[in-house]
There are 2 protein chains.
Amino acid sequence: MQNSFTEENYLKIIHALSGREGVEVSTNALAESTATRAASVTDMLRKLAEKGLIHYKKYQGVRLTGAGEKVAISVIRKHRLWEVFLVEKLGFGWDEVHEIAEELEHIPSDELVERLDAFLGHPRFDPHGDPIPDAKGNLTDPDYLILTDVNVGEKVLMMGVLDHAPSFLQHLDRSGITLGSVLEITEINEYDKSASVRINGTNTLFISLEVSKNLLVQRR
Amino acid sequence: MQNSFTEENYLKIIHALSGREGVEVSTNALAESTATRAASVTDMLRKLAEKGLIHYKKYQGVRLTGAGEKVAISVIRKHRLWEVFLVEKLGFGWDEVHEIAEELEHIPSDELVERLDAFLGHPRFDPHGDPIPDAKGNLTDPDYLILTDVNVGEKVLMMGVLDHAPSFLQHLDRSGITLGSVLEITEINEYDKSASVRINGTNTLFISLEVSKNLLVQRR
DNA sequence: AAAAAAATTTAGACTAACCTAAAAATATAT
DNA sequence: ATATATTTTTAGGTTAGTCTAAATTTTTTT
């Protein structure tokens, strides 16, 4: 049978929280992320376990099964493809698309997803630099660095963000940092780890540790 | 406050069933169209009346209020714009888009609808020839004829369909009848009212009364 | 105009997804 | 290792939208 909007959201969030290594996710963490109470999460976990979508033992946390991961990745694929559509075709800003994609990601129809993918030219990354799983559900995480791991003097390419909050993305817009920008760390302040960064070899600006922590980059 | 998916569907269906003159819609008709039971409809009508979206007096049938009509037309606008998107941009057939648009029509965000409209070039009609309400909610029904009202010898333009069933649309595809085709009635069979129709001045085919009844056309 | 039929509403129940409060299990601190 | 704190689960309840069966109202027929 079909999975509900809510079930899909739980699976997506479990996927996000269990990270690359597939660690167990706690009930409280899920309550936080779903904006519900722990008791509600417990109810849903029993249900998802019965459907064979998660591994769940009382008090032991939760992990996706193969079937659950398949659903989660399909939702992520749809979310990211719709984000590309909203930005590339409809002209939304990268800070405006998350909420709308949260709705669109639950529209069923494999045909729709595959045609959308083709219409968009089979994009590999969404507007925030997150990789788009392919139709078979292969999601290969590019191994980006966080800007805090880059040394003074190094030049890196801006490839993505960890924080997707509109306020953060708007801050990057105002700073002139976009996907593909070349960033060169010219100085790191010992005291607060803030940095001076030259962007595309031209203007230099200060960025706080808070910002550095949320920028994904790649050595060239 | 917001209207639910289900509430929007009731309003859309009341709109469709009450026709141009805004006649009262019966509980049973709504039960039929929503694929629920009359008792469920009654519950929903009480709720919609409380929200000021319908005029409802027990046993008297139901009519949209101004507010209700606004919601219904907004849903119709979204449905038809998404259908244009699916056909024009994603290459779906006109027989394949109804179900998907039934889902997409409930995605909220005025910004999304207006950008989609612009992206599509402000289309006036959907792939079935139905008029698309404008952003202000103006829905002007073009006064099309039904093919049964056309006489032998007349040439008309095929402008739309009344039946949206995939099987009917596929039948038209196989017959080579598309929006914009020029139809000339060359003969009407007295016995069963079936007709011979020349399409675009070339090939002629027989169409049954059942088909004629569902073709919307315009004199030129 | 009374009886019969049809349509509609009410009454009472169910499921999904949520809640609060209390109980139980696990983890942490002394 | 016991006491305390935290996390998680259970118990019991709520709302939206649905259901069936019974009661009521309206319509149709005789």
Side-chain angles (χ1 to χ4, degrees), chain A residues 1-15 17-18 23-64 68 71-72 75 102-103 105-108, chain B residues 1-15 17-19 23-64 67-68 71-72 75 102-103 105-108:
Chain A
M1 80 214 78
Q2 275 271 94
N3 304 303
S4 72
F5 187 105
T6 308
E7 288 167 341
E8 287 190 352
N9 268 333
Y10 271 86
L11 295 172
K12 180 185 63 170
I13 290 170
I14 292 166
H15 179 92
L17 294 180
S18 66
V23 299
E24 317 279 330
V25 178
S26 76
T27 299
N28 264 0
L30 281 169
E32 165 98 53
S33 288
T34 56
T36 64
R37 300 317 186 91
S40 310
V41 172
T42 301
D43 285 349
M44 180 58 81
L45 294 186
R46 190 163 345 89
K47 190 175 159 195
L48 292 174
E50 246 152 50
K51 291 180 94 173
L53 297 166
I54 59 174
H55 295 291
Y56 171 57
K57 267 169 295 175
K58 283 205 274 188
Y59 297 101
Q60 304 296 134
V62 72
R63 229 171 62 249
L64 293 177
V71 175
V75 173
E102 288 284 298
E103 304 281 333
E105 73 188 5
H106 302 290
I107 304 283
Chain B
M1 80 217 76
Q2 275 270 96
N3 304 302
S4 72
F5 187 104
T6 308
E7 288 167 342
E8 286 189 354
N9 268 333
Y10 270 87
L11 295 171
K12 180 185 63 169
I13 290 171
I14 293 166
H15 179 93
L17 294 180
S18 67
V23 299
E24 317 280 332
V25 177
S26 76
T27 299
N28 264 359
L30 282 170
E32 165 99 52
S33 288
T34 55
T36 63
R37 300 317 186 89
S40 311
V41 173
T42 300
D43 285 349
M44 181 55 83
L45 294 185
R46 187 158 354 85
K47 189 175 160 195
L48 292 173
E50 244 153 51
K51 289 179 97 171
L53 297 167
I54 59 173
H55 295 290
Y56 172 56
K57 266 169 295 173
K58 283 206 272 185
Y59 298 100
Q60 303 298 134
V62 72
R63 230 173 59 249
L64 292 177
V71 175
V75 174
E102 288 285 296
E103 304 280 333
E105 73 189 5
H106 302 289
I107 303 283

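Below, chain A is the first sequence line, B the second, and so on; all start at residue 1. Predicted, not measured: the structure shown is a model, and the values here were computed from it.
- For the pair A/Glu24 CD and D/dT8 P, the computed distance is 12 Å after rounding to whole Å.
- For B/Arg37, no side-chain nitrogen or oxygen approaches OP1 or OP2 of D/dT18 to under 4.0 Å.
- For the pair B/Gln2 CD and D/dT15 C1', the computed distance is 17 Å after rounding to whole Å.
- A/Ser18 places a side-chain N or O within 3.5 Å of a backbone atom of A/His15 that can act as its donor or acceptor partner.
- The separation between B/Asn3 atom CG and D/dA16 atom P is 13 Å, rounded to whole Å.
- When the side-chain nitrogen and oxygen atoms of B/Tyr10 are compared with OP1 and OP2 of D/dT18, one or more of them lie within a distance under 4.0 Å.
- Residues satisfying the side chain to side chain donor-acceptor pair (under 3.5 Å) test with A/Glu8, not counting sequence neighbours, are A/His106.
- Whole-Å rounding puts the A/Glu32 CD to D/dT8 P distance at 12 Å.
- Proximity of A/Val62 to A/Leu48: side-chain heavy atoms (C-beta onward) are nowhere separated by under 4.5 Å.
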Polar atom pairs (N or O), protein with nucleotides 6-9 of chain C, under 3.5 Å:
from, atom 1, to, atom 2, distance (Å)
C/dT8, OP2, B/Asn28, N, 2.8
C/dT9, OP1, B/Tyr56, OH, 2.5
C/dT9, OP1, B/Tyr59, N, 2.8
C/dT9, OP2, B/Thr27, OG1, 3.0
C/dT9, OP2, B/Thr42, OG1, 2.9
C/dT9, OP2, B/Tyr56, OH, 3.4
C/dT9, O4', B/Tyr59, OH, 3.4

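- Distance A/Met44 CE to D/dT8 C1': 17 Å, rounded to the nearest Å.
- At a threshold of 4.5 Å between non-hydrogen side-chain atoms, the residues B/Val71 and B/Leu53 count as touching.
- To the nearest angstrom, P of D/dC19 lies 10 Å from CG of B/Asp43.
- Partners of A/Arg37 under the side-chain contact (heavy atoms from CB on, under 4.5 Å) rule, at least two apart in sequence or in another chain, are A/Ser40.
- Between B/Ile54 and B/Tyr10, the closest side-chain pair of non-hydrogen atoms is not below 4.5 Å.
- What separates CG of A/Leu30 from C1' of C/dC18 is a distance of 15 Å, to the nearest Å.
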